[in-house]
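First listed ligand is number 1; within each ligand, the first listed atom is number 1. Bear in mind that the values here come from a model prediction, so they are computed numbers and not experimental data.
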Amino acid sequence: MKGQIVKISSDLYFVNYEDTVYPCKCRGIFRKEHITPVVGDYVLFSREKQLIEEVLPRKNSFERPKVSNIDQAFLVTSLKTPDFSLHLLDKFLVLMELNHVVPIICITKEDLVDSMELEEIKNILKYYEKIGYQVVFHTELSKIKELLKGKTSVFTGQTGAGKSTLLNTLNPAWNLETGEVSLALGRGKHTTRVVELFDFYGGKVMDTPGFSSLELTGYTPEEIRDAFPEFLNCACPFQDCSHTKEAECVVKKEVSANNILESRYLHYCSFIGVDKNEN
Ligand code: ZN
């Protein structure tokens, strides 16, 4: 039968199948074949033998924390303390696209900005919705619960943005305080915190703040370009247009016409290492 590893403790793998967790061992051949199951893996296992027989192909996998098959990531983004940053937001969205994780923008601390600033930010967020991203406010709990159903999710974001508060509001039995602390203390050190997936509103949620160490290095400019969904609809006359130096580039025209958010375009240029001031 097919289950999902929700926890690993020394050589025991806890496999969830229809809301029951079975502690399992791995087939001896795994070691020989260098197969190391991680939390999040979908596996074929025998309930009777309590044995994992096969690790199914992963749709994505991460090193820190060691986890796989993440469906979606809530980027908890505060409008103040820490300040709203479109650069961080765009970088995160690109990283999620590149790792096949659906990003969900979750806004917090909207009460800390004045109404004019809030209107401005809401207008910008409308653009993100237009290009296909889900945007929720932390107060929209029923919407968030609905999104969690049937998915393996991660809540991530800057320290202080309000991840723990949000998760504790969704489920007071949760206490993410420790996760937040260990992330802050663990920066630059090798923490051996165990990752675990918990049942959460009909889905699974990772118990540690995720993806703190992801970087854009190691991706080609073409991969980064294709992680901007609004560029894909632009029919540039040049095949494989980089949208930077090419004349007649449709993306650049759309930026000038304010149909593509200029900040997004400038972030794209900076992510691929092109200084727009030189052009
Ligand atoms: Zn172009």
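For residue C234, no N/O/S atom approaches the Zn ion (ligand 1) to within less than 2.8 Å.
Salt bridge absent: K66 and D41 never bring a charged side-chain N and a carboxylate O closer than 4.0 Å.
Here the angle at the Zn ion (ligand 1) defined by SG in C236 and SG in C241 stands at 120°, rounded to 10 degrees.
Between Y128 and Y133, the two ring planes are tilted [angle within 30° to 60°].
The Zn ion (ligand 1) lies closest to atom ND1 when only the N/O/S atoms of H243 are considered.
Checked against the 6.0 Å centroid threshold, Y268 and F231 count as a close aromatic pair. Not less than 6.0 angstrom separates the ring centroid of F228 from the ring centroid of H267.
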